[in-house]
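For reference, the structure discussed in these notes is given below.
Side-chain atoms are counted along with the backbone in the values below, which use heavy atoms only and exclude waters and symmetry mates. Because the structure is a prediction, the values reported are computed rather than measured.
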Protein chains: 2
Amino acid sequence: MAKKAEQRRKQILKAAFQAATEKGYESVTLQDIADYADVSKGVTNYYFKNKSDVFTQLFEWITTRIYEKEAASISEQETAIGKLEAYINRVFISPEENKNFYRVYLDFLSQVKNNDSYKEINQKFYENCWSIGREIIHQGLEEEIFEVGDVEQAAISIRCMIDGSLIQWLMRDDAQLHDYYRTTCFESILKILQYKK
Amino acid sequence: MAKKAEQRRKQILKAAFQAATEKGYESVTLQDIADYADVSKGVTNYYFKNKSDVFTQLFEWITTRIYEKEAASISEQETAIGKLEAYINRVFISPEENKNFYRVYLDFLSQVKNNDSYKEINQKFYENCWSIGREIIHQGLEEEIFEVGDVEQAAISIRCMIDGSLIQWLMRDDAQLHDYYRTTCFESILKILQYKK
DNA sequence: TGTATTATACTGACCGGTCAAAATAAATTG
DNA sequence: CAATTTATTTTGACCGGTCAGTATAATACA
């Protein structure tokens, strides 16, 4: 019973995500969500307080999912370079696979200023990202292949570089550039960490 | 006559900008624009084709203005480091002064995927940004203080770092962090350019 | 006076949220 | 186990309200 309700909530979140990738966050209507979920219009308001509640939960779901996938990728690697490479490869996993995720994420980012819940969710996401950065840096310092004065600052810089690259790539929207931005991002981070072979 | 019309158009663009900073791009109405411009509702439709036309011109205006101010700042400097510092200082000019600009810019970015005009405007903006990066890099190479393999790639990385830092700063929305992100951004770019004293 | 500009009222489309009724599932009972 | 009652879920029509765009009236100005 509670299980079925949980299923429905996931179904509606997925529908909202799909609608957002196709129409853009702001222009998604309750009717769109219902259509993508193949239910009638009233259902969304039965399982969620209101439309904004749907999107708050969606934002939380997306950022958590991005982080978990990234964390899983780097934990499979032993070396600092391996971890960093896995991290960047995960971020730029494939044009089709994550483009929608980050597009919707960008939609949410542009709303953060108007919504304290979003701000909090994103703050948590950042902290997760920085912890990934720290893990890679610490590993590299142990291996004595990085030269980093301020670990915290470097971890922040890593995520700046990733987000900046990702956004510039998204904005140009050219499948050919996918590899280019991935390697550019990777190599720039190596320089920020003053990698020495 | 044509001069007055031009004035009115600017007035409306500014009003649209102000409305966007306060209410967020998507929720700005024609009435809002009219209110901020201190005119009646019909005026906007008299000087612009429609609402979307207003925002397209606003986006163009904002990106052009950001670029021009950045370009002016770096051209006042002679050395590579001076130029880079002026560039970053201009980007992070002051929390209040440019926060609104970049917030609205971020609003537009999230719309790029749904609007080819926006995409084109942003592409031009990027090209301007990269040209600033190239100028700084060339200067640094002449001075022999940078070590850059691929100038184009480095110029792109610079803007990735700037946008990434800017967005992360905007999302955290803490006045105290302004200086922190400015210096972090500056120092990271120096490392990307492999600056040697 | 006539043209350009601005103000105001109006229209039609759309949207979020509500709600009563219908459908379905679960529980109870004889 | 079947009949009946009760609880849960789903439907879609509907309402109040908003908005973009239009039409028209009023005003300024040359």
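For the contact set between residues 12-24 of chain A and DNA chain D, defined by any heavy atom under 4.0 Å, there are no members.
B:Ile62 meets the side chain to side chain contact (heavy atoms under 4.5 Å, CB included) test with B:Phe17, B:Leu58, B:Ile66, B:Phe101, B:Val104, B:Phe108; sequence neighbours excluded. Take A:Ser131 and apply the side chain to side chain contact (heavy atoms under 4.5 Å, CB included) test, not counting sequence neighbours, and it matches A:Tyr67, A:Arg134. With sequence neighbours left out, B:Asp179 forms a salt bridge (Lys or Arg N to Asp or Glu O under 4.0 Å) with B:Arg182. Residues satisfying the side chain to side chain contact (heavy atoms under 4.5 Å, CB included) criterion with A:Asp32, sequence neighbours excluded, are A:Ala19, A:Lys23, A:Val28, A:Thr29. Residues meeting the side-chain hydrogen bond (donor to acceptor under 3.5 Å, both in side chains) test with A:Asn50, sequence neighbours left out: none. For B:Arg65, the salt bridge (Lys or Arg N to Asp or Glu O under 4.0 Å) test picks out no residue, with sequence neighbours left out.
Heavy atoms of B:Phe48 sit nowhere under 4.0 angstrom from any nucleic acid atom. Here A:Val43 lies in heavy-atom contact (under 4.0 Å) with a base.
The six-membered or imidazole ring of A:Tyr181 lies away from that of A:Phe92, with a centre-to-centre distance of 6.0 Å or more.
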Enumerate, atom names and distances included, each donor-acceptor pair closer than 3.5 Å involving a side-chain atom of residues 156-165 of chain A, sequence neighbours excluded.
{"residue": "A:Ser157", "atom": "OG", "partner": "A:Gln153", "partner atom": "O", "Å": "3.2"}
{"residue": "A:Ser157", "atom": "OG", "partner": "B:Ser188", "partner atom": "OG", "Å": "2.7"}
{"residue": "A:Arg159", "atom": "NE", "partner": "A:Asp163", "partner atom": "OD1", "Å": "3.3"}
{"residue": "A:Arg159", "atom": "NH1", "partner": "A:Glu70", "partner atom": "OE1", "Å": "3.3"}
{"residue": "A:Arg159", "atom": "NH1", "partner": "A:Glu70", "partner atom": "OE2", "Å": "3.4"}
{"residue": "A:Arg159", "atom": "NH1", "partner": "A:Tyr87", "partner atom": "OH", "Å": "2.9"}
{"residue": "A:Arg159", "atom": "NH2", "partner": "A:Asp163", "partner atom": "OD1", "Å": "3.4"}
{"residue": "A:Ser165", "atom": "OG", "partner": "A:Met161", "partner atom": "O", "Å": "2.7"}

Using distance only, find each side-chain donor-acceptor pair of residues 35-42 of chain B under 3.5 Å and give its atom names and separation, not counting sequence neighbours.
{"residue": "B:Asp35", "atom": "OD1", "partner": "B:Gln31", "partner atom": "NE2", "Å": "3.1"}
{"residue": "B:Tyr36", "atom": "OH", "partner": "B:Glu22", "partner atom": "OE1", "Å": "3.1"}

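Salt-bridge formation is detected for the pair A:Asp173/A:Arg103: a Lys NZ or Arg NE/NH1/NH2 atom is positioned less than 4.0 Å from an Asp or Glu carboxylate oxygen.
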Distances under 3.5 Å only, N/O to N/O: pair up the protein atoms with those of nucleotides 28-30 of chain D.
none

With sugar-phosphate taken as primed atoms, P, OP1 and OP2 and all else as base, the protein-contact string of nucleotides 11-21 of chain C at under 4.0 Å (heavy atoms; B, S, -) is ----SBBB---
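Between A:Tyr46 and D:dT9 there is a side-chain N or O to OP1 or OP2 distance below 4.0 Å.
The interatomic distance linking B:Asp35 (CG) with D:dC19 (C1') rounds to 13 Å, in whole Å. Per the geometry, CZ belonging to B:Arg9 stands 13 Å off P belonging to C:dT5, to the nearest Å.
Residue pairs meeting the side chain to side chain donor-acceptor pair (under 3.5 Å) criterion with at least one member in residues 140-151 of chain A, sequence neighbours excluded: A:Gln139-A:Glu143.
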